[in-house]
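Each remark here refers to the structure printed beneath this line.
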Amino acid sequence: MISSPLLRTTVTAFARPLLKPRAITLALISAFACSAASSQTATSTDNGGDLAPVIVIGSRFPNSPDLAPVGAIVITAADIHNAGIDNVNEAIRKLGGVYGRQNSYGTQDFDLDMNGFGADSFNNLVILVDGVRLSESEQAVATLSSIPVDSVARIEIMHGGSSVLYGDGATGGVIEIITKQTGPTPLTGSITAELGQFNDHVGRAYLSKGGDGFNLSLNVSDQKSDNYRQNNAVTQKNLGAAVTWYSDAGRVGLRVDIARQDSGLPGALSLAQFQQDPRQTNDPYDNGSIATDRYTAFGEYNLGAWQLAAELSTRERTADSNGYTPYTYVINLSGRQTEFTPRVRNIIDVGGMHNELVIGLDIMNWDRQADESYMGSIDSLDYATQKSRAIYFRDEMKIDRMRFAIGARHEVFDKTSSDPIPGSTDNYDVVQGVNAWEVQGSYAFAPVFNVFANVGQSYRVANVDDNAYTTVPNTALLPQLSHDLEIGATLGDANHQLIGRFFRHDITNEIYYNPLANDGYGANANLDPTKRQGVALDAKYRLSRDFRLTAQAQHVEALFTAGVNDGNELVLVPKNTVTAHVNWVPGNGQNAYIGGQWVDTQRYGGDFSNTCSGLIPSHATMDARYSQTIGAWEWAVAGSNLTNKHYFSTAYGCMSAIYPDDGRQMKMTVRYSF
């Protein structure tokens, strides 16, 4: 079988290259053009074009900033623009301090790691766009590169277990991207062109139009780059459109997102090959593609103290991969996911007490057909399905300076997999039920000083790729459960703020690839008990009128706590990471940014016994950008990894199976806004 976890992870990251907008997309574009022709002048609201300054991550409903989750990190559109960042993933890493591991397929979709979950980090956090889950049900990272950075109003990052509201995989945390919703405005937008090293060229356009009771937006992008490594050229095409109708009673809308990607797959290197030339490849012809179509209908309605909200989303995804060295393989995967998320909220304000009760359902149906061949022979025709049904509640009370919340969730997963090929190891039919709960509290000793504590249980269930090759053939893995604790404090205001927190996850049946299982051939497995424990600091400091400093630091211990590896460190988790950047914004059209990151040593992948004679070396990188705005035009020059550091953060074997990170890259950008 070629359904190994590592190969599946690589394969599901690619797609078909042709862009085929559906009828609904054409209708939205047509409506956009018609409205632009009858543009009316009006004044937009503040907060990056938002209708109101709302926070949605805490209760899955819009909320005022004073009811935002304590300790949450918010990145605004202004923060992103001032730092000269041109993609959402980079904003999360550089401005939010979330550690990222570069992928092997040439895009900006780094594997994001919250609280030290290593190679399986993307399965232990949930990413949403306007309340709709972007995290995949397969062994694949969320394609944040399909979200145009110009459409982002803000990004909200909440660390720690959050399965009560967000379900499967929300152990490390939740990241929510909230797009701009404008009031009555004339046609506005931007057009961006970028040229850089390695034959990098990008074109992006974002348009928005707000009328009396409606908002329309459209974005398109086309990116091509040969990238740093040989056979790692990538082509990406994205198209997004949305229309929203709103009133005092609520809002309804439609959203379409279409993404296409073609990539060369350079593969892994040995340590000797990396030291000789990190740009080389052993797989000069391997390639993959991915096509994703996502359609979402959403709505909110206010009934006095009651509010109703729901999203109905369907996602169609096709992934293809072709390998030629050293063995020939062809993998074609096609699947569909449909999600329905109705919920209701009740708000009571009595005698200085504010109480918010949220009750909701999460319903998801997913299926995927695989067609895989190896050395010319059919290897798999697996058809897998997953149905999940969840009910949850969360109640939060605020009295004067104190906030207190409790919540619980029950979810049932019905999973099937059937492969008619003889010798298949992923035939199963299983029903698994899991529970999550949380208790949270905070107290504001002063307007600028708040302490908080969260305790609860979160979970993750094995996806179809986890269950494709397990330690016991034709047997699905058990759900992963984590008992979560977070204690912290916030100090300061918007100009000078420090957030400190201690976190701990005690995990049973952690789902992870174990290279020592199956007599040393490796398999996905439920590990012996493990833990993640550490401290993190997030700081914002306005040095002067023109200079602003942002910095994040994290120390984490990732250990086995029982079994044959008791006390050993888990792999691909750096003990320490530090990120910092300084912005210069003098207000005269100039803007400058300089930032850096230091990442500590980490265990090589697969070194559960901690016997490998080496560690993945620590590394430090530095980025910078300078821009000048004159009227509607902005000109910028930027560089990443300015010292041209040769390093890697992903290696799946002891001093082997290395995926090098990018060297230095310079680029120039021109942007026209109107």
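Values in this document were obtained by computation on a predicted structure and should not be read as measured data. Note that the numbering runs from 1 along the sequence shown for the chain.
- Counted by atom type alone, Asn454 and Glu438 present zero donor-acceptor pairs between their side chains at under 3.5 Å.
- Counting only heavy atoms from C-beta outward, the side chains of Phe198 and Asp662 never approach each other to under 4.5 Å.
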Item to complete: Give the C-alpha distance, both sets of side-chain angles, the deciding distance and a yes or no for side-chain hydrogen bond (donor to acceptor under 3.5 Å, both in side chains) between Ser221 and Asn238.
Response: CA-CA 5 Å; Ser221 66; Asn238 300 308; 3.2 Å; yes
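- With hydrogens and angles left out, the side-chain atoms of Asp484 and Ser458 include a donor and acceptor closer than 3.5 Å.
- The NZ atom of Lys575 sits 6.5 Å away from the CD atom of Glu557 when rounded to the nearest 0.5 Å.
- At least one donor-acceptor pair under 3.5 Å links the side chain of Asn583 to the backbone N or O of Asn82.
- The aromatic rings of Tyr659 and Tyr652 sit perpendicular to each other, their planes meeting at more than 60°, with 30° as the lower class boundary.
- Under 3.5 Å, the side chains of Gln480 and Asn124 contain a donor-acceptor pair of N or O atoms.
- A donor-acceptor pair under 3.5 Å links the side-chain atoms of Asp113 to the main chain of Gly118, judged by distance alone.
- Side chain of Ser263 to main chain of Leu265: no donor-acceptor pair is present (N/O by atom type, distance under 3.5 Å, no hydrogens or angles).
- Residues Thr530 and Thr561 come closest through the heavy atom pair N-OG1, 3.7 Å.
- Contact of the Asn591 side chain with the Ser627 side chain is registered, since non-hydrogen atoms from C-beta on lie closer than 4.5 Å.
- Proximity of a side-chain donor or acceptor of His201 to a complementary backbone N or O of Asn199 within less than 3.5 Å is detected.
- Atom CE of Met668 sits in a sparse spot, with 12 or fewer heavy atoms from other residues, nucleotides or ligands closer than 6.0 Å.
- In this structure, Gln602 CD and Ser618 OG are separated by 10.0 Å, a value rounded to the nearest 0.5 Å.
- Rounding to the nearest 0.5 angstrom, the gap separating the CZ atom in Phe117 from the CG atom in Leu125 is 9.5 Å.
- In terms of modelled atom types and a separation under 3.5 Å, the side chain of Asn610 and the main chain of Glu569 share a donor-acceptor contact.
- Using the six-membered ring where Trp is involved, Tyr604 and Phe648 have ring planes that are tilted, between 30° and 60° apart.
- With a 4.5 Å cut-off on side-chain heavy atoms, Tyr99 and Ser649 count as touching.
- Judged by distance alone, the side chains of Gln590 and Tyr626 do bring a donor and an acceptor atom under 3.5 Å apart.
- When all heavy atoms of Gln139 and Asp120 are compared, the closest pair comes out as OE1-OD1, 3.9 Å.
- None of Glu486, His505, Arg504 except one satisfies the side-chain hydrogen bond (donor to acceptor under 3.5 Å, both in side chains) rule with Asn115; the exception is His505.
- Side-chain contact check for Pro660 versus Arg229: some heavy-atom pair is nearer than 4.5 Å.
- A donor-acceptor contact shorter than 3.5 Å is absent between the side chain of Glu510 and the backbone of Ile507.
- With hydrogens and angles disregarded, a donor-acceptor distance shorter than 3.5 Å links the side chain of Ser162 to the backbone of Gly160.
- When all heavy atoms are compared, the tightest approach of Ala77 to Lys180 is CB-CE, 4.3 Å.
- Shortest non-hydrogen contact noted between Ile658 and Ser270 is CD1-C, 4.0 Å.
- When only modelled atom types and interatomic distance are considered, Thr179 and Asp130 share a side-chain donor-acceptor pair under 3.5 Å.
- Closest non-hydrogen pair, Arg532 versus Gly116, comes out as NE-O, 2.5 Å.
- The main-chain N or O of Phe110 is found under 3.5 Å from a side-chain atom of Asn89 such that the two form a donor-acceptor pair.
- Within the 4.5 Å cutoff, no side-chain heavy atoms of Gln236 are placed close to those of Asp222.
- The backbone N or O of Asp109 sits less than 3.5 Å from a side-chain atom of Asn103, completing a donor-acceptor pair.
- Once rounded to the nearest 0.5 Å, the distance linking CZ of Arg625 with CH2 of Trp584 reads 13.0 Å.
- Contact of the Pro574 side chain with the His619 side chain is not registered, since no non-hydrogen atoms from C-beta on lie closer than 4.5 Å.
- Side-chain atoms of Asn644 come within 3.5 Å of backbone N or O of Arg664 as a donor-acceptor pair.
- Between Asp150 and Arg671, at least one side-chain N (NZ, or NE/NH1/NH2) sits under 4.0 Å from a carboxylate O, which counts as a salt bridge.
- The two residues Leu95 and Asp79 come nearest to each other via the heavy atoms CD1-O, 3.7 Å.
- For Phe449, the ring-ring contact (aromatic ring centres under 6.0 Å, His included) criterion is met by Phe445, not counting sequence neighbours.
- Asp623 has a carboxylate O that lies under 4.0 Å from a charged side-chain N of Lys94, or vice versa, which qualifies the two as a salt bridge.
- Between Lys398 and Glu396, none of the side-chain N atoms (NZ, or NE/NH1/NH2) sits under 4.0 Å from a carboxylate O, so this pair counts as no salt bridge.
- Separation of atoms CG (Asp661) and NZ (Lys645) is listed at 11.5 Å; rounding is to 0.5 Å.
- Taking CD of Gln533 as the start and CG of Asp506 as the end, the distance is 8.0 Å to the nearest 0.5 Å.
- Classification of the Tyr672-Trp633 ring pair by plane angle, with boundaries at 30° and 60°, yields tilted.
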